[in-house]
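To keep things clear, I will list the structure first and then write my remarks on it.
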Amino acid sequence: MYTPTVSTAPRRLLATLALCLPVFGAHAATPSASHPLLGIWTLTIPQLACSETYHFRGDGTSLVKSASEVSESEFTITEQPSAKGFYKFDDRVVKDNGKEDCAGDITKPGTRATNYIRFHPSGARFVMCRDETMEACIGPFERAPAQGI
């Protein structure tokens, strides 16, 4: 069992937690149809009175809404967790509307990040961490009912 922590700058953390610059190309694998990440997730940030919505799609793209910001990314994620229970997640922003996110930041297209996702045993929550420890994480992200954003 884990105790998730909440950052006050989640979108910025996704960018600054980068451990390496992943290479994305036409041959990047898409997640399987049964991957636990697929779907719509929300991240509530009480300190900022704001929430973010993440839609991870089966074609390896995501749509994120954070305050006035809307961005699109391409991502890859491992099919199985590591021995430590984390999925490696690589993300590259491909489009952004240039507006501020919950933290007041503007994400630039081309921003890349590598993070590690750990799911709660229920599958209804996850945290996103800088590495395969619980030392620097944002979350919990909570699964939302299937709906558009």
Side-chain angles (χ1 to χ4, degrees), residues 2 4-79 81 86-120 123-149:
Y2 63 82
T5 58
V6 177
S7 168
T8 58
R11 289 294 292 173
R12 181 174 39 207
L13 184 61
L14 289 176
T16 59
L17 292 180
L19 298 175
C20 65
L21 295 178
V23 176
F24 290 85
H27 302 293
T30 57
S32 69
S34 61
H35 199 286
L37 182 65
L38 299 183
I40 299 172
W41 299 85
T42 59
L43 173 65
T44 301
I45 310 150
Q47 301 92 326
L48 300 177
C50 194
S51 65
E52 300 181 336
T53 304
Y54 294 73
H55 185 177
F56 295 104
R57 302 179 283 215
D59 64 356
T61 64
S62 65
L63 179 65
V64 178
K65 171 102 173 70
S66 174
S68 296
E69 179 188 49
V70 177
S71 67
E72 292 184 51
S73 294
E74 294 176 347
F75 72 90
T76 60
I77 188 166
T78 55
E79 276 301 311
F86 291 85
Y87 291 81
K88 184 178 179 184
F89 175 80
D90 292 314
D91 180 77
R92 180 175 63 95
V93 176
V94 295
K95 291 182 185 177
D96 189 89
N97 67 354
K99 297 186 178 181
E100 292 182 355
D101 64 13
C102 285
D105 296 324
I106 297 173
T107 305
K108 294 182 180 179
T111 300
R112 298 175 186 257
T114 298
N115 294 289
Y116 296 84
I117 292 176
R118 185 165 184 176
F119 288 92
H120 184 273
R125 305 171 100 189
F126 73 82
V127 292
M128 186 176 291
C129 306
R130 174 182 58 203
D131 54 30
E132 290 188 88
T133 69
M134 299 297 289
E135 299 299 315
C137 302
I138 58 171
F141 291 76
E142 296 182 328
R143 188 174 290 282
Q147 57 186 355
I149 60 169

T76 side chain near F89 side chain, heavy-atom distance below 4.5 Å: no
Find the distance between CH2 (W41) and OG1 (T53) and round it off to the nearest 0.5 Å. 13.0 Å
Would you give the length of the straight line joining atom OG1 of T107 to atom CD of E100, rounded to the nearest 0.5 angstrom? 10.5 Å
Between the main-chain N or O of G110 and the side-chain N or O of K108, is there a donor-acceptor pair closer than 3.5 Å? no
pair M134-R118: side-chain heavy atoms closer than 4.5 Å: yes
Those residues at least two apart in sequence (or on a different chain) that pass side chain to side chain contact (heavy atoms under 4.5 Å, CB included) with T133 are D131, E135
Test side chain to side chain contact (heavy atoms under 4.5 Å, CB included) applied to K99 - qualifying residues, sequence neighbours left out: S68, N97
For P31, which residues count as a side chain to side chain contact (heavy atoms under 4.5 Å, CB included) partner, sequence neighbours excluded? H35, L38, F75, I77, E79
What I'd like to find out is whether the side chain of S51 reaches to under 4.5 Å of the side chain of T42, using heavy atoms alone. no
Value for OH (Y87) from CD1 (I117), rounded to nearest 0.5 Å, stands at 9.5 Å
Testing the 3.5 Å rule here: is there a donor-acceptor pair between the side chains of S73 and D91? yes
Side-chain contact, heavy-atom cut-off 4.5 Å: E69 with D96? yes
Take the angle between the ring planes of F141 and F126 and call it parallel below 30°, perpendicular above 60°, tilted in between. parallel
For the residue pair S62 and F56, establish whether any side-chain heavy-atom pair is separated by less than 4.5 Å. yes
